[in-house]
Amino acid sequence: MVWFRKKKSLTASVEKKNVQVPEGVWTKCKNCQEIIYCKEIERNFNVCPKCDYHFRIGARERIDLIIDAGTFVEMDAKMRSVDFLDFKDSKKYKERIKAAVKKAGDGDAVICGEGQLDGLPVVVAVFDFSFMGGSMGSVVGEKITRAIEKGLETQAPVLIFSSSGGARMQESILSLMQMAKTSAALARLKAAGIPFISVLTDPTTGGVTASFAMLGDLNIAEPRALIGFAGPRVIEQTIRQTLPEGFQRSEYLLEHGMVDMIVKRQEMKKSLSQILRIFTRS
Amino acid sequence: MSQYLDFEKPIAELHNKISELREYSTDNVDFTSEIQKFEKKAERLKKEIYSNLTRWQRTQLARHAERPYTLDYIERIFTDWFEIHGDRNYRDDPALVCGFARIDGQPCCVIGHQKGRNTKEKVHRNFGMPNPEGYRKALRVMQLAEQFRLPIFTFVDTPGAFPGIGAEERGQAEAIARNLREMATLTVPVIVTVTGEGGSGGALAIAVGNRVLMMQYSVYAVISPEGCAAILWNDGSKGPQAAEALKLTAQDVDSLKTVIDDIVPEPSGGAHQNPIEAAATLKQYLLKHLNELLEYSPEGLVEQRYQRFRAMTEIEED
């Protein structure tokens, strides 16, 4: 005789995890698969309250988290990309720009401006991965360079939050040159003794990593962000080996000496404030 | 026996005919006039083919297995060359050669990517794809050149920086980034020549110069046509289309006005057809630009280089 029988309803409730989640109110964490109330994630800086997974966020949201309310003054908001090569893959670059501007409501993949962080004047540049993969063409390179030059002019520390697939292919050689242009500007900032903090968020790869994003006086990463030069797929295809566990994640880079620290999004503002006050002796 | 690319086949056939006729020539049978006729035809065909190459064909020419590499140019342009090794941190990277030499008697520093000719050499040189230690060696040597007030010549010919596990662990991105920043501050003349493949960040990491030249059949782009095709077309075999879209030839890059200063003409059919002539022409260009730059003060060189890259912008602003 069987003493206990598994109730059918019990197994059914386990299977519920695979049920489609209605968008807007509840969401499923990409990492732990838990179903969570959207508002709860938002309240928690877009970080999963169960597993600490950092959801990707837009540039405007990031600025709200870092810069004191009402102090942000945007620079170069009207700068737009130009299809000077008449580049066409499955779609014309011209069309891609138009579609991205419409979708994002912003001019390109980075937003720059001046503002205050805990009352300390800073210049900040924030990438938006949703705008053509955060790719760097002329506009991104020029905005970043002007942000650095603004730091030079006003003696304010420069913060760059990267999230980018790298150089923008549609602008070919000129995208590549933005790496040299931005890095050269950083040389001047360094010579002037003004702090530059690079914050690497998921994902930061290619030409952005191989220029300003790795040149911070401090390089700070968000937890578990993908950070690398070549993308994991390219590496796997080149060396025909599977990649080690956690390869190119923030924790891996910390272990290999490429970033100074990993800071959770909820603590980012506090940490930056503490660091900048020491570096600026204020 | 020369190696011919697909589009060179008609020329190859004529060359074969000519050598056959030469073989059959004896004291009794004279093919001289036929040979001359074929030679003229070959010359005409060459002109026609090479002036109508597609961007993909030019990419293949830039990668030609017989194209002169950095060490070939060094041998023909410089004297007193000695190579130095190692980044003083990890190891020596044979994909990037560094050393000192003289050009027309003037002491200087020479740096360049190096590819191999045969399989063993290719593996040894890692197909011209440097690891971080290569870029760190290059920076160490450039800073030595600055210490001794020597102008720097760099030769770019790489598919790109090596994408491997070790390269990532040792900071490929950081090594390239640091070179970009530090090259911007060098107080001596830096003259860059793209001799073959200018492949992305791996090329740029030794290419922040006061002058940047491209050989006539070299290419320079943000990504290889194959890589671009794999990402944008989801099909790595669409390289020919991607090459067209990337506008990567010397003429394309020159038309942007800000990126390069000169196109160095190559012998008909490419540098590998006559490496001696190619090197002699390049030497004239290098000396011309060196003499111009020797007029600058150290601060003037830094400023000129900064403004050169600062101007590389194509945007719209209201």
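Per chain, numbering begins at 1; letters A, B, ... match sequence-line order.
B/I111 and B/C98 make their closest contact through CG1-SG, 3.9 Å (heavy atoms, listed as atom of the first residue, atom of the second, distance). The minimum heavy-atom distance linking B/L248 with B/A243 is given by the pair CD2-O, 3.5 Å. Residue A/A192 comes nearest to A/L152 through the heavy atom pair CB-CD2, 3.6 Å, listed as atom of the first residue, atom of the second, then distance.
When each of B/A221, B/A184, B/A207, B/A230 is scored by its heavy-atom pairs under 4.5 Å with chain A, the top score falls to B/A221. The most heavy-atom pairs under 4.5 Å with chain A, out of B/M312, B/R305, B/E314, come from B/E314. No other option in B/K238, B/Q241, B/E174 has as many heavy-atom pairs under 4.5 Å with chain A as B/E174. Options B/L232, B/I231, B/V302 differ in how many heavy-atom pairs under 4.5 Å they form with chain A, and the most are formed by B/L232. Between chain B and the options A/A167, A/A230, A/A213, the largest number of non-hydrogen pairs under 4.5 Å is found for A/A230. In terms of heavy-atom pairs under 4.5 angstrom with chain B, the leader among A/P244, A/G207, A/S211, A/G137 is A/S211. Among A/Q237, A/E171, A/K190, the residue making the largest number of heavy-atom pairs under 4.5 Å with chain B is A/K190. Of the listed residues (A/A185, A/A191, A/G257), the greatest number of heavy-atom pairs within a distance under 4.5 Å of chain B belongs to A/A185. No other option in A/L174, A/L186, A/I239 has as many heavy-atom pairs under 4.5 Å with chain B as A/L174. Ranked by heavy-atom pairs shorter than 4.5 Å toward chain B, the options A/K91, A/K78, A/M169 are led by A/M169.
With a threshold of 4.5 angstrom between heavy atoms, A/Q178 approaches chain B through side-chain atoms but not through N, CA, C or O. Using a 4.5 Å cut-off between heavy atoms, B/R170 touches chain A through its backbone atoms (N, CA, C, O) alone. For A/D108, no part sits under 4.5 Å from any heavy atom of chain B, backbone or side chain. With a threshold of 4.5 angstrom between heavy atoms, B/I223 approaches chain A through side-chain atoms but not through N, CA, C or O. In this structure, chain A has heavy atoms under 4.5 Å from both the backbone and the side chain of B/A161. With a 4.5 Å cut-off on non-hydrogen atoms, A/Q241 touches chain B through its side chain but not through its backbone. Neither the backbone nor the side chain of A/F212 comes within less than 4.5 Å of any heavy atom of chain B. Residue contact with chain A, scored on non-hydrogen atoms closer than 4.5 Å, involves the side chain of B/L256 exclusively.
Stacking of A/R188 on the aromatic ring of B/Y306 is recorded, both the 6.0 Å distance cut-off and the 45° axial limit being met.
Between the A/Q170 side chain and the A/D83 main chain, no donor and acceptor come within less than 3.5 Å of each other. At least one donor-acceptor pair under 3.5 Å links the side chain of B/E244 to the backbone N or O of B/R55.
Side chains of A/H54 and A/D202: a donor-acceptor N/O pair is absent below 3.5 angstrom, by distance only. A side-chain donor-acceptor contact under 3.5 Å links A/Y93 and A/R168.
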- Query: Can you check salt bridge (Lys or Arg N to Asp or Glu O under 4.0 Å) on A/E142 and B/R310, steps first, answer last?
  - Reply: CA-CA 9 Å; A/E142 184 65 19; B/R310 188 68 190 83; 2.9 Å; yes

- Going through the checks in order, is the side chain to side chain donor-acceptor pair (under 3.5 Å) test met by B/T313 and A/K181? CA-CA 10 Å; B/T313 308; A/K181 186 166 95 181; 2.7 Å; yes

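Using a cutoff of 4.0 Å between basic side-chain nitrogens and carboxylate oxygens, A/D86 and A/K94 are scored as salt-bridged.
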